[in-house]
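As structure tokens, the structure follows; a few thoughts come after it.
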Amino acid sequence: MAAPFQLYNTLSRQIEDFVPLEEGKIRIYVCGMTVYDHCHVGHARAMVVFDAFVRYLRHRDWDVTFVRNFTDVDDKIINRANELGEDPLALAERYIEHFQSDAEGLGLISPDLEPRVSTSIQQIQDMIQDIIDNEHGYVADGNVWFSVGTFGEYGKLSGQKVDELRSADDASGKAHPADFALWKAVKPGEPSWDSPWGPGRPGWHIECSAMSCTHLGAHYDIHGGGLDLVFPHHENEVAQSEAANKEKFVNYWMHNGLLTMKSGQKMGKSLGNVINVHVALEEFPAETLRLYYLQNLYRSSLPWSGEALPEALAMLARLYDAREKAEAMGGSEDPERVAADLGEDAQQVLELGQAFEGRFYEAMDHDFSTGQALGYLFQLARAVNRFAGHKKAKKRGGPVVAPALQAFQTVADALQLMTMNTEDFHQEVKTKRLAALGVSAKEVENLLVERTQARTDKNWARADEIREILEAKKIAVMDTAEGVSWRVRLDAPSEG
RNA sequence: GGCGGCAUGGCCAAGUGGUAAGGCAGAGGACUGCAAAUCCUUUAUCCCCGGUUCGAAUCCGGGUGCCGCCUCCA
């Protein structure tokens, strides 16, 4: 049975009980990329948030149909292509390939459908025709405009009033400044398709209306995207879709908050302050970004800084290390008995492990509160670590940490965190962090061989000297009962 | 000018009227040849002023500050 949950709805500005249109099923559309540049860490937040949302819903037995588009016909693409002397669709294709590579790097599930504007022209034209037929659109000089004044509910999503808008100057032949283009007449150097109104191309907003309604129906459950799309993009989608189909478009509007810089301003291409995803992924495992995003409520703004990813990586390592300790514990006694024998910390890790799933689901079902849900996870990790300090934990502790291990698995399934084995995780961290620091594993290993010899000789001075050399390179050396190991320190500066 | 959002310890941050999760950083301690990791201890008049309530970080009103959108933006 699909589990009930609550969701903040931009349409009502409050948290609502989610009621699906069809029992057990959720149809969701998320605005994807306009492909004229690389995917940056701000886009990635949206991608990861909705990825985790869909994963969680499926984990909770919802039958989810997930559609995310590519906008591959657009002013910005055309402008960029003309600057580069490249065909716009070829440029778009190139950035779609970049995106797919980033999506794979981020560990995103593939949407069930990834429609593109360039292959949805017929559906777009059909919808424009319906809008015209329903007297909400008009043709002028090969352009088709949406007539905002004919749609009484215009503004119901964003709260904007047509008369209060600050309108940009343009001499495009619109009847009203707030009217917007459904179809743009062809201009030199632009891709175009034949249409009943002459050759041209779709306006910005119509593609999402047409593609989502084509694949999910005229009326579907959830539409997602960045907060900066509420107006005008999503407002216009509502107007177009409802004008064309004469029925309610979307039940729940879900908007992710934006990444902001230290100054408080958002990260945005137009502000020139972006960090591209592939750059971040060269330095940090994908789950680092995921944890960074999911620590916070999805609809709050999220500050970016050079410390953000190192900090998230430290948190992630803490989780992996706790899990590793739990995995190393053996024994097959009754957990209650072990807990009774080994004392309070054993009792607590058992109880927190058993309680985890319920608390996790409760947080997640309350408007996808991943930050709170992850707080419980860290409480559990600390309980595991504390218990792991006991002498008998390794031999007999297995049964009392079994629920904790199950909890970690739940998080892995639902949020795609802690999905690697610990060794691979640390290896990836080493590889990526060393590359970022410009240090080779070979030189570290060589120094450690020398240090191990020095320690065998009880030459502590030399051993400490080598430790200091490595410290200077941000390498932390750990002497354990099993021998020496090392890690890259996480406080290494990153761009930001 | 219009619309919307936010304001919680050094930083990030959860918080669904019943008395402040979690993470990072700092300090002290345990552990260690020295360290690292880990554990323990440690810091909050919840922006200000009113109001509702037995009780408010949470609800209402006013103020201040910051941010987003109204032109492309996840």
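Letters A, B, ... are given to chains in the order of the sequence lines, protein chains preceding strands, and every chain is numbered from 1.
- Across all strands shown, rG1(B) forms a Watson-Crick or G-U wobble pair, both distances under 3.5 Å, with rC70(B).
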(request) In sequence, state the C-alpha distance, the side-chain angles, and the governing distance for F99(A) and F70(A), and then conclude on side-chain contact (heavy atoms from CB on, under 4.5 Å). (result) CA-CA 10 Å; F99(A) 177 83; F70(A) 284 112; 3.5 Å; yes
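- Of the C1' atoms belonging to rA25(B) and rG18(B), the separation is 33 Å, rounded to the nearest Å.
- D457(A) and Q453(A) are linked by a side-chain donor-acceptor pair at a separation below 3.5 angstrom, with hydrogens and angles left out of the test.
- Nearest to the side-chain atoms of P303(A) among the listed nucleotides rC39(B), rC12(B), rC3(B) stands rC12(B).
- Going from atom CG of D365(A) over to atom P of rU16(B) covers 16 Å, rounded to whole Å.
- When rounded to the nearest whole Å, the span between CH2 of W304(A) and P of rA13(B) equals 14 Å.
- When heavy atoms are screened at a 4.0 angstrom cut-off, G159(A) is found touching the sugar-phosphate backbone but no base atom.
- Using bins of under 30°, 30° to 60° and over 60° for the plane-to-plane angle, the ring pair Y252(A)/F18(A) lands in the tilted bin.
- For the atom pair NE2 (H234(A)) and NE2 (H205(A)), the distance works out to 10.5 Å, reported to the nearest 0.5 Å.
- Across the interface with RNA chain B, nearest-nucleotide mapping of A314(A) and S300(A) shows S300(A) to be the residue nearer the 5′ end.
- Backbone-only engagement by G226(A) is indicated by non-hydrogen atom pairs under 4.0 Å involving sugar-phosphate atoms exclusively.
- Using atom C1' as the reference point in both rU43(B) and rG28(B), the two lie 13 Å apart (nearest Å).
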(request) Run the numbers on R455(A) and D479(A) for side-chain contact (heavy atoms from CB on, under 4.5 Å), then give the verdict. (result) CA-CA 10 Å; R455(A) 293 184 75 224; D479(A) 298 316; 3.1 Å; yes
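- M364(A) has its CE atom 17 Å from the P atom of rU16(B), to the nearest Å.
- Using atom P as the reference point in both rU41(B) and rA21(B), the two lie 13 Å apart (nearest Å).
- Nucleic acid contact class of G257(A) (heavy atoms, under 4.0 Å, all strands): base.
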Please write out each protein N/O paired with an N/O of nucleotides 30-37 of chain B under 3.5 Å, distance rounded to 0.1 Å.
unit_1  : atom_1 : unit_2  : atom_2 : d
rG33(B) : N7     : R455(A) : NH2    : 3.4
rG33(B) : O6     : R451(A) : NH2    : 3.2
rG33(B) : O6     : R455(A) : NE     : 3.0
rG33(B) : N1     : D464(A) : OD1    : 2.9
rG33(B) : N2     : D464(A) : OD1    : 2.8
rG33(B) : N2     : D464(A) : OD2    : 2.5
rC34(B) : O2     : D464(A) : OD1    : 3.3
rC34(B) : O2     : R467(A) : NE     : 3.1
rC34(B) : N3     : R467(A) : NH2    : 2.9
rC34(B) : N4     : D479(A) : OD2    : 2.6
rA35(B) : N6     : D479(A) : O      : 3.0
rA35(B) : N1     : D479(A) : N      : 2.8
rA35(B) : N3     : R467(A) : NH1    : 3.1
rA35(B) : N3     : R467(A) : NH2    : 2.9
rA35(B) : N3     : V477(A) : O      : 3.1

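- Atom name C1', nucleotides rG17(B) and rG26(B): the rounded distance is 35 Å, in whole Å.
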(message) One pair to check against side-chain contact (heavy atoms from CB on, under 4.5 Å): L281(A) and L289(A). What are the steps and the verdict?
(response) CA-CA 8 Å; L281(A) 287 176; L289(A) 278 103; 3.9 Å; yes
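- Rounding to whole angstrom units, CG of residue L297(A) and P of rU58(B) are separated by 18 Å.
- Shown here, rA25(B) forms no base pair; nothing in the strands shown gives a Watson-Crick or G-U wobble contact with both key distances under 3.5 Å.
- Straight-line distance between the P atoms of rC40(B) and rG51(B): roughly 43 Å, to the nearest whole Å.
- Distances shorter than 4.0 Å separate some side-chain N or O of N385(A) from OP1 or OP2 on rC39(B).
- Within 4.0 Å of G371(A), counting heavy atoms only, lies at least one base atom of the nucleic acid.
- Relative orientation of the H223(A) and Y29(A) rings is tilted, given thresholds of 30° and 60° on the angle between their planes.
- When rounded to the nearest whole Å, the span between CG of L258(A) and C1' of rG5(B) equals 11 Å.
- Atom P of rC59(B) sits at a distance of 12 Å from the matching atom of rG5(B), rounded to the whole Å.
- Nucleic acid contact class of S369(A) (heavy atoms, under 4.0 Å, all strands): sugar-phosphate only.
- Ring-plane geometry between F53(A) and F368(A) is classed as perpendicular, the angle between the planes exceeding 60 degrees on a 0 to 90 degree scale with a lower cut at 30.
- Atom CD1 of I15(A) is separated from atom C1' of rU58(B) by 12 Å (rounded to the nearest Å).
- Taking the nucleotide of RNA chain B with the nearest heavy atom to each of Q379(A) and N256(A), the more 5' of the two is matched to Q379(A).
- Contact annotation: side chain of E164(A) to base of rG1(B), donor-acceptor pair absent below 3.5 Å.
- Both distances falling under 3.5 Å, in either a Watson-Crick or a G-U wobble arrangement, occur for no nucleotide opposite rU58(B).
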(request) Please step through salt bridge (charged side-chain N to carboxylate O under 4.0 Å, His left out) for the pair R94(A) and E86(A), ending with a clear verdict. (result) CA-CA 11 Å; R94(A) 206 150 55 74; E86(A) 189 175 0; 2.9 Å; yes
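- With a 3.5 Å ceiling on both atom-pair distances, rU53(B) lacks any Watson-Crick or G-U wobble partner.
- For R382(A), whose side chain is taken as the heavy atoms from C-beta onward, the closest listed nucleotide among rC40(B), rC3(B), rA74(B) is rC40(B).
- Applying the Watson-Crick and G-U wobble criteria (two distances, each under 3.5 Å), rU64(B) pairs with rA7(B).
- One can place CE of M33(A) at 6 Å from P of rA74(B), the figure rounded to the nearest angstrom.
- Pair assignment for rU19(B) gives none, since no Watson-Crick or G-U wobble pairing has each distance under 3.5 Å.
- Rounded to a whole angstrom, the distance from the P atom of rG9(B) to that of rC46(B) is 10 Å.
- Using atom P as the reference point in both rC67(B) and rC72(B), the two lie 22 Å apart (nearest Å).
- From R386(A), atom CZ reaches atom CG of L352(A) across 8.5 Å, with rounding to the nearest 0.5 Å.
- What separates CG of N236(A) from C1' of rC69(B) is a distance of 13 Å, to the nearest Å.
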